[in-house]
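Heads up: the structure comes next, in structure tokens.
Index from 1, following the sequence. All heavy atoms count here, side chains included; hydrogens, waters and symmetry mates do not.
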Amino acid sequence: MFRVIPYAILESLLLASAQVFLKLALQRMEPFDWTRHFWLSLLTNWHFALCGLLFGAASLLWMYIVRTFPFSQAYPMVSLSYVFGMLAALLVFREQVSAMQWTGVLFIILGCMLIAR
């Protein structure tokens, strides 16, 4: 019944983690410029490299999910990444999260549970 859920959670964790490392990489980067120095600094930014690896892993897992489960069940599960993104905003970036935002997160979780049935 809920077979897609563990895969969706892992894929969403990978996506949200990739976004976190992308934000960390961008915070450490110099302002964008078409210079050699800028591109070398980008290529030596380990946050950016890890972001790419996480996006790649999420994409591979996504291919498995889409192949294995009905698209109408699999695609809405991507919204679980919003839940993990909200947790990352709170825990990693120390952002304020309102009660209304938590209500939205609860609706996302409930919607995914209904769709996975």
Side-chain angles (χ1 to χ4, degrees):
M1 178 192 295
F2 289 105
R3 286 190 30 208
V4 70
I5 295 287
Y7 296 108
I9 289 172
L10 179 57
E11 199 262 347
S12 296
L13 276 170
L14 289 168
L15 278 177
S17 297
Q19 293 291 352
V20 166
F21 280 100
L22 178 61
K23 182 167 176 70
L24 292 172
L26 293 172
Q27 288 175 337
R28 287 163 177 74
M29 284 177 55
E30 299 176 19
F32 183 83
D33 194 9
W34 287 102
T35 64
R36 181 174 171 235
H37 178 71
F38 170 80
W39 293 103
L40 286 176
S41 71
L42 175 68
L43 295 174
T44 58
N45 184 331
W46 72 268
H47 292 94
F48 189 71
L50 186 54
C51 160
L53 290 173
L54 290 167
F55 275 128
S59 295
L60 290 173
L61 182 54
W62 178 243
M63 287 188 293
Y64 172 78
I65 292 169
V66 169
R67 181 178 172 96
T68 307
F69 299 99
F71 195 71
S72 62
Q73 188 181 53
Y75 192 72
M77 295 299 136
V78 175
S79 63
L80 288 173
S81 64
Y82 299 135
V83 175
F84 297 117
M86 188 73 73
L87 290 171
L90 182 71
L91 300 172
V92 177
F93 299 111
R94 306 281 187 231
E95 296 177 8
Q96 295 292 327
V97 180
S98 71
M100 187 65 80
Q101 289 171 305
W102 285 120
T103 303
V105 164
L106 179 62
F107 281 127
I108 290 170
I109 293 169
L110 290 172
C112 287
M113 289 176 68
L114 291 172
I115 288 167
R117 294 192 114 210

| said: What's the separation between atom CD1 in I9 and atom OG in S81, rounded to the nearest 0.5 Å? | reply: 12.5 Å
| request: Any chance you could measure D33, atom CG, to L42, atom CG, to the nearest 0.5 Å? | output: 12.5 Å
| Is it true that I5 and V66 fall in one hydrophobic cluster, defined by side-chain heavy atoms closer than 4.5 Å? | yes
| query | Is the closest side-chain heavy-atom distance between V97 and M86 below 4.5 Å? | reply | yes
| Are R3 and T68 close enough that some pair of their side-chain heavy atoms sits under 4.5 Å apart? | yes
| query | Would L53 end up clustered with L26 when hydrophobic side chains under 4.5 Å apart are linked, directly or stepwise? | reply | no
| request: Please work out whether the ring planes of F69 and Y64 are parallel, tilted or perpendicular, with thresholds of 30° and 60°. | output: perpendicular
| query | Side-chain contact, heavy-atom cut-off 4.5 Å: I109 with M113? | reply | yes
| query | Among the clusters formed by ILVMFWY side chains lying less than 4.5 Å apart, do L54 and L60 turn up in the same one? | reply | no
| said: Which heavy atom of M77 sits nearest to which heavy atom of C112, and what is that distance? | reply: CE-O, 3.1 Å
| field | M29, CE: over 12 other non-hydrogen atoms inside 6.0 angstrom | value | yes
| Nearest-0.5 Å distance, CD1 of residue I65 to CG of residue L10 | 7.5 Å
| Distance in Å, R28 CZ paired with S41 OG, rounded so as to fall on 0.5 Å steps | 13.5 Å
| In Å, rounded to the nearest 0.5 Å, how long is the span from CG of L61 to OG of S12? | 9.0 Å
| query | What are the two closest non-hydrogen atoms of A25 and N45, and how far apart are they? | reply | O-ND2, 3.2 Å
| query | Are L13 and V92 joined in one hydrophobic group, where the rule is that I, L, V, M, F, W and Y side chains link up if heavy atoms are under 4.5 Å apart? | reply | yes
| field | Residue pairs involving residues 73-115 (criterion ring pair (Phe, Tyr, Trp, His ring centres under 6.0 Å); sequence neighbours excluded) | value | F71-Y75
| said: Going by side-chain contact (heavy atoms from CB on, under 4.5 Å), name the residues that satisfy it together with T44, two or more places apart in sequence or in a different chain. | reply: none
| message | Under the criterion side chain to side chain contact (heavy atoms under 4.5 Å, CB included), I'd like the reasoning laid out for W62 against V78: C-alpha separation, chi angles, the key distance, then a yes or no. | response | CA-CA 9 Å; W62 178 243; V78 175; 3.6 Å; yes
| query | Hey, are H47 and Q27 close enough side-chain-wise for a donor-acceptor pair under 3.5 Å? | reply | no
| field | Shortest non-hydrogen separation from C51 to A18 and the atoms involved | value | SG-O, 3.6 Å
| task | List the atom of P76, the atom of I115, and the distance in Å for their closest heavy-atom pair. | result | CB-CD1, 3.4 Å
| query | Sequence neighbours excluded, which residues qualify as ring-ring contact (aromatic ring centres under 6.0 Å, His included) partners of F32? | reply | W34, F38, W39
| task | For residues L15 and F55, determine if any side-chain heavy atom of one lies less than 4.5 Å from a side-chain heavy atom of the other. | result | yes
| query | Where is the tightest heavy-atom contact between I108 and S79, given as atom of each residue plus distance? | reply | CG2-O, 3.5 Å
| remark: Looking only at heavy atoms, the pair that brings A8 and L80 closest together is CB-CD1, 4.0 Å
